[in-house]
Amino acid sequence: MALVSAKGILETARDGHYAVPAININNLEWSKAVLETAQELNSPILLAVSEGAGKYMGGYKTIVGMVNGLIEELNITVPVALHLDHGSFEGAKECIAAGFTSVMYDGSALPFDENLAQTKEIVRLAHEQGVSVEAEVGSIGGEEDGIVGTGELADPAECKTIADTGIDFLAAGIGNIHGKYPENWAGLSFETLEAIKAATGNIPLVLHGGSGIPEDQIKKAIDLGVAKINVNTECQLVFAEATRKYIEAGKDLEGKGFDPRKLLAPGATAIKEAVREKIEVFGSANKA
Ligand code: 13P
């Protein structure tokens, strides 16, 4: 199946009371592991690409080519959207032109009026091409790709104004942060999430910082309207751990163990296991 917009994927998830994982990809192994797992579990999936990962992989067109090739040659039939994560205005425009099927325009660090004006313009450009749009209100805490957010609780009235621009799904700060959660983390603010849901109506909501949120909080967030959950750090951690174990066990020194296809295999398997667990907890298995 060709890449699709994330709009239909997330509206179906919202109506079905489950969430679809948006997994950040970093290279071929990551992309293949995520696609194969989604196919095995018959789950829709979003492959998310930060601007930093986009540069790392050689540029957006390279990624579009790689992902389209994998979908065709691995016979991936579940719905897949290729999504820009935390895009700038220019990055979102480039991704729309390169063949991404979904973009996040993140103007949450800008004065609200500028965020609003730029979100409107990206909606216009994206929708002309059938590309779905995510916008953000209230920056997500933590650090991602050099972008540091302070972690806010989004203002429901601002969420409503941004939702009214015609975006397809909305990310809003509800106490979530990127990266590892600190010991003293207060947890998600369900009060804020409920107020945002009440203000914005039917638009699917997005939960960033999906690594390390306890399962009961994930389930409650889904009950309250979250239809997309972003996961990045957890895959990076399990990949690094599996690769470290391989090397510490001296396996790269045995026979042809230094071959990258062998060296990177435990990490890829670990990503598959992490993605499998997310699909199961988020409830998107067998929803393709
Ligand atoms: P984590 O790295 O905390 O999983 O967050 C991912 C994310 O929100 C990407 O936008």
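Note that ligands are numbered from 1 as they come in the structure, with each ligand's atoms numbered from 1 the same way.
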> Counting from 1, what ligand 1 atoms have a heavy atom of G210 closer than 4.0 Å?
Replying inline: 4 (O), 5 (O)
> Around atom CD of E191, are there more than 12 heavy atoms of other residues, nucleotides or ligands at under 6.0 Å?
Replying inline: no
> Say you draw a straight line from CD of E36 to CG of L70; how long is it, rounded to the nearest 0.5 Å?
Replying inline: 8.5 Å
> Among the heavy atoms of H178, does any lie under 4.0 Å from an atom of ligand 1?
Replying inline: yes
>> Checking side-chain contact (heavy atoms from CB on, under 4.5 Å) between P21 and each of I279, I229, L47, which is the one that passes?
In response: I279
> Within a strict 4.5 Å, meaning less than it, do heavy atoms of the L170 and V206 side chains meet?
Replying inline: no
> Which atoms of ligand 1 sit under 4.0 Å from any heavy atom of H86?
Replying inline: 10 (O)
> Which of the numbered atoms in ligand 1 are below 4.0 angstrom from a heavy atom of T233?
Replying inline: 1 (P), 2 (O), 3 (O), 4 (O)
> Quick one: is the NZ or CZ of K7 closer than 6.0 Å to the six-membered ring centre of F169, and within 45° of its axis?
Replying inline: no
> Partners of S132 by side chain to side chain donor-acceptor pair (under 3.5 Å), sequence neighbours excluded?
Replying inline: S102
> Which ligand 1 atoms, with their elements, are less than 4.0 angstrom from a heavy-atom of G179?
Replying inline: 1 (P), 2 (O), 3 (O)
>> Going by the closest heavy atom to atom 8 (O) of ligand 1, which one wins out of G212, G209, S211?
In response: G209
> If we only count N/O pairs under 3.5 Å, is N24 in contact with ligand 1?
Replying inline: no
>> Quick check on contacts: which atoms of ligand 1 are under 4.0 angstrom from a heavy atom of V231?
In response: 4 (O)
